[in-house]
Visitor: 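First the structure, then my questions, so here it is.
This one's a predicted model, so the numbers in the text were calculated from it and none came from an experiment. Throughout, protein chains are lettered first and strands after them, A, B, ... in sequence-line order, and every chain is numbered starting at 1.
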There are 2 protein chains.
Amino acid sequence: MPAIKDVAQRAGVSVATVSRVLNDHPAVRTDTRDKVLAAVADLGYRPNAVARSLRTHQTRALGLVISDVLNPFFTELARSVEDAARDRGYSVVIGNADERPDLQDHHVRTLVDRRIDGLLVSPTDGGSPLMLDAARTGTPMVFVDRWIEGEGLDEVPVVRTDGGAAVRDLVAHLHALGHRRLAIIAGPAATTTGRERVDAFRSALREFGLALPADHIGQGDFQADSGRRVTARFLDLPHPPEAIFAADNLMALGAMDEIRSRGLRVPDDVALAAFDDIPWFVHTDPPITAIAQPTGDLGHAAVGALIDRIEGRPAASVTLSARLVPRRSCGEPEGSTP
Amino acid sequence: MPAIKDVAQRAGVSVATVSRVLNDHPAVRTDTRDKVLAAVADLGYRPNAVARSLRTHQTRALGLVISDVLNPFFTELARSVEDAARDRGYSVVIGNADERPDLQDHHVRTLVDRRIDGLLVSPTDGGSPLMLDAARTGTPMVFVDRWIEGEGLDEVPVVRTDGGAAVRDLVAHLHALGHRRLAIIAGPAATTTGRERVDAFRSALREFGLALPADHIGQGDFQADSGRRVTARFLDLPHPPEAIFAADNLMALGAMDEIRSRGLRVPDDVALAAFDDIPWFVHTDPPITAIAQPTGDLGHAAVGALIDRIEGRPAASVTLSARLVPRRSCGEPEGSTP
DNA sequence: CCTCCTCGTGGAATCGATTACATCGATGAC
DNA sequence: GTCATCGATGTAATCGATTCCACGAGGAGG
């Protein structure tokens, strides 16, 4: 693979001149520029990004650490992040934490070692010392979707969606359809989204004069299996809930599995709703009522905030809002008999 | 961020010694090793991977260019590739081509500029000059799932699944259920998987004495929308097909959309099957019969082959086989009335 | 006691770019 | 005619590691 000095040699100029042409510095005579360009083309020269990064102290790469690639919400997020980054001339390196703190740490470390210009994180757990370190030692950082608190992290912008209103809409929807005993499959308490969704659900219930007994809160981990287990416990209750709200799409899937394996039907026997909407929910039996996040906007906003930080501009947190997408999994659609 | 010379200074040794400790070279006295390690810990020093890469000519990073991140098959592939790579001490940089040749080129270029040690590609189109170049200029390369032919590419191993037998099983399954007019939603002719699946389908049909008229082959592009369009054309035929086979999961989804929007039912009015199995197919209405690829094995084998190439060992192509997973979308399961 | 080898360590070149500074010829002002 | 200025280019330092080579100390062998 040819290096800059090969180009220089072939064009009969110095490496400095070649570099100037490549970075289109104004002070280069047109004919020497042409000579250099010709040499570049002849050799099929491509500048070595590694060497360039070493010298300039920037890689034009962003790190994105997500909790689970197999979750369609995160893959959509990853996709929009990549799109936005590419538009701004950055690449994205994705790390999949698989909801495991140790893997999350592994990726943060690797990315920082590779000197990515900035880090986008959707943290899996409470807070690892490593991430605190990264934030403190100056790696520009932005949280997406989930975030963590901790000293030194006040400066880190958070780009997220507030599902409060949508959750309230969902509870209203369920209430209108006659459901009174509602249960929730929560995400890990260590995650903000895990806690927030339960809180939103609880306060919405209160608004409608409904209680949320302890045995109607099941602890999940955002994976399908846990949705299954929690649902099994719900259904074994003497008075099983009439409606189940899963805090993410994977757990909703697990819940559906369990319900179906018992020969019960959605929504006739149990209503089901999920946080996070995905294309497949339209095609399940029945189509699942969900709370949709503006995933694309989330990704774009996150990249925007991160690049602002990287380029030294002040970056602000962003909160978007989710909306309810009613389908048939909670009961007949509006306009028909309940 | 401290550099190696800061560590050297603090430990009172030279940078050479620090480097030796870091790469655990045997010739270092135990007490100086301890001094260095202490300095490393004190400063929170982490070696700069960029500088190291420049010097050693290796990044310990693999590039993976896939056709579409939103397709669950590819995200599962990406995940297994990352797992396998991590086990071997490599990172993975993913590029999403979104089924667009220009984006594919963009990613190949970026990855090669970044001097990744090897490239895993599932090519979107026929063959771009850029990829040929990359292959020829010595970047170790392996094709996964799809591949392209061309001079200079004979050396590139292909890790794929052969769906032939499974497609034959599917046709047998459809035939046994009484379906005779079968149609296929094909993938782009520029991709090998696009062509192969049609060929396998056609020869399986021939085996059963069935024809595949031109109007029963619809040209799709592996995206949901095209599945919808092609299905619409099928259903507008004077004698619409009794069964539709989609060459990937996204097009199956589109087909289902279209069928349902016309008030028709699967499988009563039209049977439906798909290449690529995904978790959601269990939950659709009805569950969709699919041909499952051993995605995890695919990813592992691909990484194995690529690392073999990188480390100078001979690498062989690998062909795994797919299997039919019958569900309800083609008709009642075995054992009941047809 | 001298030589030779080994061991531990440091000095310095190197990877491939960017860029501050120096150089040099030409131009223009006075 | 002289000098300052400017434009185009080259020289060399630099980024942060790795690694070849040299060197001195100490031990073994003669």
Visitor: Verify, without hydrogens or angle tests, whether B:S19 (side chain) and B:V15 (backbone) share a donor-acceptor contact under 3.5 angstrom.
Guide: no
Visitor: If you find the nucleotide of DNA chain C closest to B:P26 and the one closest to A:L22, which residue's nucleotide is nearer the 5' end?
Guide: B:P26
Visitor: Can you see if the side chain of A:R52 gets near the phosphate of C:dT18 - specifically, an N or O under 4.0 Å from OP1 or OP2?
Guide: yes
Visitor: What do the steps show when you test B:R60 against B:R88 for side chain to side chain contact (heavy atoms under 4.5 Å, CB included), and what is the final call?
Guide: CA-CA 10 Å; B:R60 295 202 74 83; B:R88 319 275 234 106; 5.7 Å; no
Visitor: Quick one: B:M1 CE to D:dA17 C1', roughly how many Å, whole number?
Guide: 15 Å
Visitor: Write down the distance between CZ (A:R114) and P (D:dG16), rounded to a whole number of angstrom.
Guide: 18 Å
Visitor: Identify whether any heavy atom of B:V18 sits under 4.0 Å from a base atom; if not, whether one sits that close to sugar-phosphate; answer base, sugar-phosphate or nothing.
Guide: nothing
Visitor: Counting only side-chain nitrogens and oxygens, does B:T32 get under 4.0 Å of the OP1 or OP2 atom of C:dT9?
Guide: yes
Visitor: Distance alone, cut at 3.5 Å: any donor-acceptor contact between the side chains of A:R146 and A:S67?
Guide: yes
Visitor: Report the residue from A:L62, A:I66, A:I94, A:L120 that forms a side-chain contact (heavy atoms from CB on, under 4.5 Å) with A:V81.
Guide: A:L120
Visitor: Between B:E99 and B:D221, is any pair of side-chain heavy atoms under 4.5 Å apart?
Guide: no
Visitor: For A:T192 and A:R160, does a side-chain donor sit closer than 3.5 Å to a side-chain acceptor?
Guide: no
Visitor: With sequence neighbours excluded, tell me which residues meet side-chain hydrogen bond (donor to acceptor under 3.5 Å, both in side chains) with A:D31.
Guide: A:R29
Visitor: Which part of the nucleic acid does A:A3 contact within heavy-atom distance under 4.0 Å: base, sugar-phosphate only, or nothing?
Guide: sugar-phosphate
Visitor: Figure out the CD/P separation between B:Q58 and C:dT14, and round it to whole Å.
Guide: 21 Å
Visitor: Between protein and nucleotides 23-28 of chain D, map the contacts as a letter string: B base, S sugar-phosphate only, - none, heavy atoms under 4.0 Å, written 5' to 3'.
Guide: ------
Visitor: Nearest whole Å is fine: how far is D:dG16 P from B:N23 CG?
Guide: 17 Å
Visitor: To the nearest Å, give me how far apart CZ (B:R33) and P (C:dC7) are.
Guide: 15 Å
Visitor: Counting side-chain heavy atoms from CB outward, which of C:dG16, C:dT9, D:dA8 is closest to B:R29?
Guide: C:dT9
Visitor: So, the side chain of A:N71 versus the backbone of A:F73: is there a donor-acceptor pair under 3.5 Å, distance only?
Guide: yes
Visitor: How many Å lie between CZ on B:R115 and P on C:dG16, as a whole number?
Guide: 9 Å
Visitor: Between C1' on C:dC15 and CG on B:L54, what's the gap in Å once rounded to a whole number?
Guide: 4 Å
Visitor: Using side-chain heavy atoms (C-beta onward) and a distance below 4.5 Å, is A:F222 in contact with A:T193?
Guide: yes
Visitor: Mind calculating the distance between CG (B:D31) and P (C:dC7) to the nearest angstrom?
Guide: 17 Å
Visitor: List, with names and distances, any nitrogen or oxygen atoms from the protein found under 3.5 Å away from nitrogen or oxygen atoms belonging to nucleotides 10-14 of chain D.
Guide:
{"unit_1": "D:dG10", "atom_1": "OP2", "unit_2": "A:S14", "atom_2": "N", "d": "2.8"}
{"unit_1": "D:dG10", "atom_1": "OP2", "unit_2": "A:S14", "atom_2": "OG", "d": "2.9"}
{"unit_1": "D:dG10", "atom_1": "OP2", "unit_2": "A:T17", "atom_2": "OG1", "d": "2.6"}
{"unit_1": "D:dG10", "atom_1": "N7", "unit_2": "A:R20", "atom_2": "NH2", "d": "2.8"}
{"unit_1": "D:dG10", "atom_1": "O6", "unit_2": "A:R20", "atom_2": "NH1", "d": "3.3"}
{"unit_1": "D:dT14", "atom_1": "O2", "unit_2": "A:R55", "atom_2": "NH1", "d": "2.8"}

